[in-house]
A.B. asks: 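Sending over a structure as structure tokens; questions will come in a sec.
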Amino acid sequence: MKVLEGLKYSKDHEWVRVEGNKAYLGITDYAQSAMGNIVFVELPEEGAEVGEGESIGVVESVKSASDLYSPLSGVVVEINEELEDMPEKINQEPYESWIAAVELNNAEELDNLMGADDYIKFLEGEA
Amino acid sequence: MSRYIPNTEKQQKDMLDVLALASVEELFADIPKDVRLERKLDLPDAMSEMELITHMQKLASKNGNLNEYACFLGAGAYDHYIPSVVGHILSRQEFYTAYTPYQPEISQGVLQAIFEYQTMICELTGMDAANASMYDGASALAEAVVMACQATRRKEVLVYKTVHPETRAVLHTYARFNGSKIIEVDYKDGSADLKALEEKISSDTAAVVIQSPNFFGAIEALGEIGERAHQKKALLIVSADPISLGILKSPGELGADIVVGEGQSLGNAISFGGPYLGFFATTQRLVRKMPGRVVGETTDQNGSRGFVLTLQTREQHIRREKATSNICSNQALNALAATVYLTALGKQGLKQAAMLCMQKAHYAYEELIKTGQFTACFSAPFFKEFAVRSRRPVEALNRELLKEKIIGGYALGKTYCELKDSWLLAVTEKRTKEEIDRLVERVGNGETGIGGGTV
Amino acid sequence: MKEKKLIFELSQPGRRGDALPQCDVPEQDINRLIPQDYIRESEPQLPEVSEVDAVRHFTALSQRNHGVDSGFYPLGSCTMKYNPKVNEDIARFDGFSKVHPYQQEEMVQGCLELLYRTDKMLSEITGMARISLQPAAGAHGEMTGLMIMRAYHEQRGEGQRTKIIIPDSAHGTNPASAVMAGFDVIEVTSDERGGVDLESLKAAMNEEVAGLMLTNPNTLGLFDENIVEIANIVHEAGGLLYYDGANANAIMGISRPGDMGFDIVHLNLHKTFSTPHGGGGPGSGPVGVKEELVPFLPVPVVEDKGGTYFQDYDRPLSVGRVKSFYGNFGVIVKAYAYIMSMGAEGLRNASETAVLNANYIMNELKNDYLLPYDRLCMHEFVLSAQKQKDHFGVSAWDIAKNLLDGGYHPPTIYFPLIVKEAMMIEPTETESKETLDGFIEKMKHIAQEAAKDPEKVKGAPYHTVIGRLDEVKAARTPVLKWERLG
């Protein structure tokens, strides 16, 4: 499983890329592989307020659906509309295929997330 | 051994031997003694097939049926002609004894028939996508309301009082428990009152619900109502009579976001209220919020076209408490009846059925008015059903008509206290001129009436 | 030719059937009757085919479908028993199929009597006080039963009871129905035997819990021996017990939900009581309740007044209506006829035989497949393809596809979720030992093939009208209706 250095990770297998006060969210290589072929992504609405741990979207395969829980609170400022037509991008390039960007309310929440090394250990624990 | 249990006693004994058990009793060791039934169930003695037939014929004969009576009663269930082929196709065991088509390789028959059904419903309603069916028109509308609340994240739903009273009752039941709020909107002259709507609609309104033709038979101005709904970003939900869509503009053309309806008229027996067919269709934008099963087209590894259940992540067996609905079993065989019916009638036939209903209903209406015993109830255009005010109590008319082997109309006073003297009559293509004339003759002469009294 | 044309593709402009007569009343111009802007400008694109084309089309479609009469259908939790032919004939009697639901009560006494008697018989079978036949399907019955539970608590001033406990082994309809009835779901894990874990149940019960939903025997086909204790725990905490009757075919005449302590029950007439599934419906999901819940049943309730039957609407505590009219009446007729055919002994015999048949197959297959719960089962059991998956890469899915080639409908697979590579097998009582032996042989053969030639097993089916279908494509770019080309 690919885990990228420089990203933050949640226990729900989401990755976070921080750019200034903005955080891009997606699902990890492990998550996309566990789900299999992704057929649909339900995106949040731009401007939506999200709390830490709240669902901001859904990623679906043929026989399963997983909520995307935002590990950070803030306002959705960008959504990746490309995924509406090409959900398979998440399978192909999980770390390129961000789902939404959230403008952070509280940058300290980032401290609750794992770094790449910790996430690798976490994955080993899951297996 | 009982009927429908093929194993002989010897075979059962052999199977118990294989399991190293002395008796069938031992198989139930897990059931605690104190919850066992230590007596025989108190049920009637088993009947042979021959006795059963006699018994059931006796029960059936206690009912007046529509072969004996000419039926002018509608109010949500209609006596339309069902072409012979419908019954024959439904009797094919491969259709009626099959389960839900979860194994597509051996379920292509049901899957393709549902795909054809979905296409036909979209054609009739003018919508982008239809599901494989709901329990009936009422539950389909209740589910449409749930869907509208989810899609708009609002909780109030405005429902015109011209929607079928039983359907409104079902909406109230669902809403009482799921936390949405049903607000009823008044009618005026038998049709939707736009002013009443404008007074009640707000930015909390999830949807406006309208039936057309409505319970009184009147055709509603869907476009205007839709505009009012959309101005407030609410959805327009239309409950439609599918036969009327052979000639009337589709609700989709007029701005509907969800179209549902009672599909009984499409080749399903009237059968004392069920099983019927709730059809359900919506727009591309809302398709993933739709309840119920959906069939989609795809290909196999050789590129051959085939059909599968799809968008299943909406459904209870995958999404559990987050599903769009709890529906599992639906009315697949009734949907098949609709598919065969619409095929048998075809493009011209459906239009002809609709035209016959409309011509005959208008003939009956005008003949009744001519007698002087009835006056118009409302002025709106109608399709196959209409209301008239009667000089004499409608219950008395209905009783009298039974002697003529005619089932009269629905007494609107039962559900609308302001319409105590009003009679709702349905005239389908099955009613002949002779039957209509006989009805008019019997009730059209004020002198011969037996007078008041209620049932 | 593996593809089958759609009915629309057989259409010829101008071709028509001729079922309807000419108009026999003086015709008027349609524009006089209805304003022009209400009238369609273009006709719905329905097929234009002859009757013979239509009949051949739908006959050909039927031949691409497997039904109970085609062959063995051991689909777990679905109770695919034989659907008696005579019951189909009876439901079509004019006196049942051609009766309008709003005819005066004195004209429908036969229908009302049938509903009343079915209520009484099902009440006796389940140990309940009364049954409502209004719900149209199992899930609809669940929702109705849970609404009754909610209304009962509210009426007692305990409206705070807004949570329902549901085991993780439950059918998906349980949590979905709970949400429709306005409840929040608390999922409890099963113990190692698939039963309710008493300690977790005790811990979960409090004054916010309205009740527990349970399937017994559960979806592993195991009867929960602790049922009396479970009922006590729930009742002592002020909750009610809901019985999902999906698996009632195991217990008819042997044990009654009412006697186990359940307060609300739904049955599936299209499972236990032999009415056909219709390719997905119609079903019927009657809901029964104990005495103190009777006032909350949906309206109307059919009552007997000295041999005259009537519909009672005057029930102020009722949850209301859940459906138009009185339920899927035509289905109820068939279930009534079935019970009258079987009698008390016949029903008990059906359950005993169903259980014996299940145990027989389980015993014969337990060396070939993993049997996660190796103990006597009720009317169904769960095998796992884990061995085949680990050793040969052959999954439950592959095994299912191989069964198709043998003319069998596969078991329910990947359910319950708590068993990996699950294959849930329910033979029912209407299958002979010869049929069971044939199935056992086929399953053994597949297990051997999986070891010998796994690639072959993974390529199945080979003999169906169509191969494995691309479900990913269907879900990514949904095509939900036929579009005319060009």
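The sequence lines fix the lettering, A, B, ..., with proteins before strands; numbering per chain opens at 1.
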A.B. asks: Determine the minimum heavy-atom distance between C:I30 and B:M355, stating which atoms define it.
C.D. replies: CD1-SD, 3.8 Å
A.B. asks: Would you check if B:T299 and C:L469 make a side-chain contact, meaning some heavy-atom pair closer than 4.5 Å?
C.D. replies: no
A.B. asks: Within a strict 4.5 Å, meaning less than it, do heavy atoms of the B:E49 and C:P84 side chains meet?
C.D. replies: no
A.B. asks: What option among B:Q118, B:K360, B:H362 has the most heavy-atom pairs under 4.5 Å with chain C?
C.D. replies: B:H362
A.B. asks: Could you state the interatomic distance from CD (B:E297) to CG (C:D470), rounded to the nearest 0.5 Å?
C.D. replies: 12.0 Å
A.B. asks: When heavy-atom pairs shorter than 4.5 Å are enumerated against chain C, which of B:A344, B:A75, B:P104 gives the highest number?
C.D. replies: B:A75
A.B. asks: Please report the interatomic distance CD1(C:I34) to CD1(B:I219), rounded to the nearest 0.5 Å.
C.D. replies: 4.0 Å
A.B. asks: Check whether any side-chain heavy atom of B:N63 sits under 4.5 Å from a side-chain heavy atom of C:M107, and report yes or no.
C.D. replies: no
A.B. asks: Does the C:S255 side chain pair with the main chain of B:V35, one donor and one acceptor, at a distance under 3.5 Å?
C.D. replies: yes
A.B. asks: Is a donor on one side and an acceptor on the other found under 3.5 Å between the side chain of B:Q348 and the backbone of C:R16?
C.D. replies: no
A.B. asks: Chain B heavy atoms under 4.5 Å from C:D89: which part of the residue, side chain, backbone, both or neither?
C.D. replies: neither
A.B. asks: Tell me, do C:V185 and B:R320 make a side-chain contact under 4.5 Å, heavy atoms counted?
C.D. replies: no
A.B. asks: Is there a donor-acceptor pair under 3.5 Å between the side chain of B:N65 and the backbone N or O of C:K98?
C.D. replies: no
A.B. asks: Got C:T173 and B:H317 here, is their nearest side-chain heavy-atom distance under 4.5 Å?
C.D. replies: no
A.B. asks: Is there a donor-acceptor pair closer than 3.5 Å between any side-chain N or O of B:E116 and the backbone N or O of C:I7?
C.D. replies: yes
A.B. asks: Where on C:A400 is there a heavy atom nearer than 4.5 Å to chain B: the side chain, the backbone, both, or neither?
C.D. replies: side chain
A.B. asks: Kindly compute the distance separating CG (C:L61) from CD (B:Q108), expressed to the nearest 0.5 Å.
C.D. replies: 9.5 Å
A.B. asks: Where does B:R176 contact chain C at under 4.5 Å (heavy atoms): side chain, backbone, both or neither?
C.D. replies: side chain
A.B. asks: Donor-acceptor pair, B:T173 side chain versus C:R321 backbone, under 3.5 Å?
C.D. replies: yes
A.B. asks: So which of C:M260, C:E429, C:E431, C:M147 has the biggest tally of heavy-atom pairs under 4.5 Å with chain B?
C.D. replies: C:M147
A.B. asks: Identify the two heavy atoms, one from C:S97 and one from B:A269, that lie closest to each other, and give their separation to 0.1 Å.
C.D. replies: O-CB, 3.7 Å
A.B. asks: So, the side chain of C:Y73 versus the backbone of B:Y99: is there a donor-acceptor pair under 3.5 Å, distance only?
C.D. replies: yes
A.B. asks: C:I254 versus chain B, heavy atoms under 4.5 Å apart: side chain, backbone, both or neither?
C.D. replies: both
A.B. asks: Quick check: closest heavy atoms across B:K347 and C:E43, and the distance to 0.1 Å?
C.D. replies: CE-OE1, 3.2 Å
A.B. asks: Which of the residues C:A139, C:G320, C:G182 is involved in the greatest number of heavy-atom pairs with chain B at under 4.5 angstrom?
C.D. replies: C:A139
A.B. asks: Any non-hydrogen side-chain atom of C:N357 less than 4.5 Å from a side-chain atom of B:M15?
C.D. replies: yes
A.B. asks: Given heavy-atom pairs under 4.5 angstrom as the criterion, report whether the side chain, backbone, both or neither of C:L347 touches chain B.
C.D. replies: side chain
A.B. asks: Main chain of C:I466, side chain of B:D300: is a donor-acceptor contact present, judged purely on distance under 3.5 Å?
C.D. replies: no
A.B. asks: Please classify the contact of C:F223 with chain B as side chain, backbone, both or neither, using a heavy-atom distance under 4.5 Å.
C.D. replies: both
A.B. asks: Heavy-atom pairs under 4.5 Å with chain C - which of B:L245, B:V294, B:N302 has more of them than the others?
C.D. replies: B:L245
A.B. asks: Could you tell me whether the side chains of C:Y360 and B:Q12 share a donor-acceptor contact shorter than 3.5 Å?
C.D. replies: no
A.B. asks: Between B:Q331 and C:N328, do the side chains contain a donor N or O and an acceptor N or O under 3.5 Å apart?
C.D. replies: yes
A.B. asks: Which one of C:P478, C:G172, C:G280, C:G343 has the most heavy-atom pairs closer than 4.5 Å to chain B?
C.D. replies: C:G280
A.B. asks: If you count heavy-atom pairs under 4.5 Å between each of B:S133, B:A129, B:A138, B:S107 and chain C, which one has the most?
C.D. replies: B:S107
A.B. asks: For the interface with chain C, which of B:L248, B:D79, B:V18 has the highest count of heavy-atom pairs at distances below 4.5 Å?
C.D. replies: B:L248
A.B. asks: For residues B:Q93 and C:G67, report the shortest heavy-atom separation together with the two atoms involved.
C.D. replies: OE1-CA, 3.6 Å
A.B. asks: Atom NE2 in C:H140, atom OG in B:S139: separation rounded to 0.5 Å?
C.D. replies: 5.5 Å
A.B. asks: C:K401 and B:Q103: side-chain donor and acceptor closer than 3.5 Å?
C.D. replies: yes
A.B. asks: Between CZ of C:F8 and CZ of B:F115, what distance do you get to the nearest 0.5 Å?
C.D. replies: 8.5 Å
A.B. asks: Can you list the residues that meet the side-chain contact (heavy atoms from CB on, under 4.5 Å) rule with B:K40, with sequence neighbours excluded?
C.D. replies: C:A344, C:E345
A.B. asks: Could you check whether atom CD of C:E51 has more than 12 heavy atoms from other residues, nucleotides or ligands sitting under 6.0 Å from it?
C.D. replies: no
A.B. asks: Check whether B:E26 gets within reach of chain C through its side chain, its backbone, both or neither, counting any heavy atom under 4.5 Å.
C.D. replies: backbone
A.B. asks: Using ring-ring contact (aromatic ring centres under 6.0 Å, His included), reason through B:F272 and C:F96 one step at a time and then give a plain yes or no.
C.D. replies: CA-CA 7 Å; B:F272 199 53; C:F96 296 130; 9.6 Å; no
A.B. asks: Quick one: do the B:S91 and C:R92 side chains pair a donor with an acceptor below 3.5 Å?
C.D. replies: yes
A.B. asks: With distance as the sole test, does B:D136 use its side chain to make a donor-acceptor pair with the main-chain N or O of C:S324 at under 3.5 Å?
C.D. replies: yes
A.B. asks: Salt bridge check, C:E41 against B:K249: does any charged N sit closer than 4.0 Å to a carboxylate O?
C.D. replies: yes
A.B. asks: Counting distance only, does the side-chain N/O of B:E123 pair as donor-acceptor with the main-chain N or O of C:Q45 below 3.5 Å?
C.D. replies: yes
A.B. asks: Who among C:G138, C:P21, C:G283 has the most heavy-atom pairs with chain B under 4.5 Å?
C.D. replies: C:P21
A.B. asks: With a 4.5 angstrom heavy-atom cut-off, is it the side chain or the backbone of C:P47 that approaches chain B, or both, or neither?
C.D. replies: both
A.B. asks: Between C:E471 and B:T310, is there a side-chain heavy-atom distance shorter than 4.5 Å?
C.D. replies: no
A.B. asks: Tell me, for C:M80 versus chain B, whether the close heavy atoms (under 4.5 Å) come from the side chain, the backbone, both or neither.
C.D. replies: side chain
A.B. asks: Closest heavy-atom contact between B:I89 and C:V55?
C.D. replies: CD1-O, 4.2 Å
A.B. asks: Taking the basic N atoms (NZ, or NE/NH1/NH2) and the acidic carboxylate oxygens, is any pair closer than 4.0 Å for C:R468 and B:E105?
C.D. replies: no
A.B. asks: Counting heavy-atom pairs under 4.5 Å to chain B, which of C:H277, C:E124, C:M180, C:H66 comes out on top?
C.D. replies: C:E124
A.B. asks: Answer with yes or no whether the side chains of C:S341 and B:R3 bring together a donor and an acceptor at under 3.5 Å.
C.D. replies: yes
A.B. asks: Do you know which of B:T343, B:V308, B:N178, B:V24 has the most heavy-atom pairs with chain C at a distance under 4.5 angstrom?
C.D. replies: B:T343
A.B. asks: Angle between ring planes, C:Y82 versus B:Y4, binned at 30° and 60°: parallel, tilted or perpendicular?
C.D. replies: tilted
A.B. asks: Heavy-atom distances under 4.5 Å only: say whether C:A178 touches chain B with side chain, backbone, both or neither.
C.D. replies: neither
A.B. asks: Is there a side-chain contact between C:I339 and B:L43 in this structure, where contact means two heavy atoms from C-beta onward sitting under 4.5 Å apart?
C.D. replies: yes
A.B. asks: What part of C:V86 is in contact with chain B, defined as an atom under 4.5 angstrom from a non-hydrogen atom: side chain, backbone, both or neither?
C.D. replies: side chain
A.B. asks: Closest approach of C:W482 and B:T119, non-hydrogen atoms and distance?
C.D. replies: N-OG1, 3.0 Å
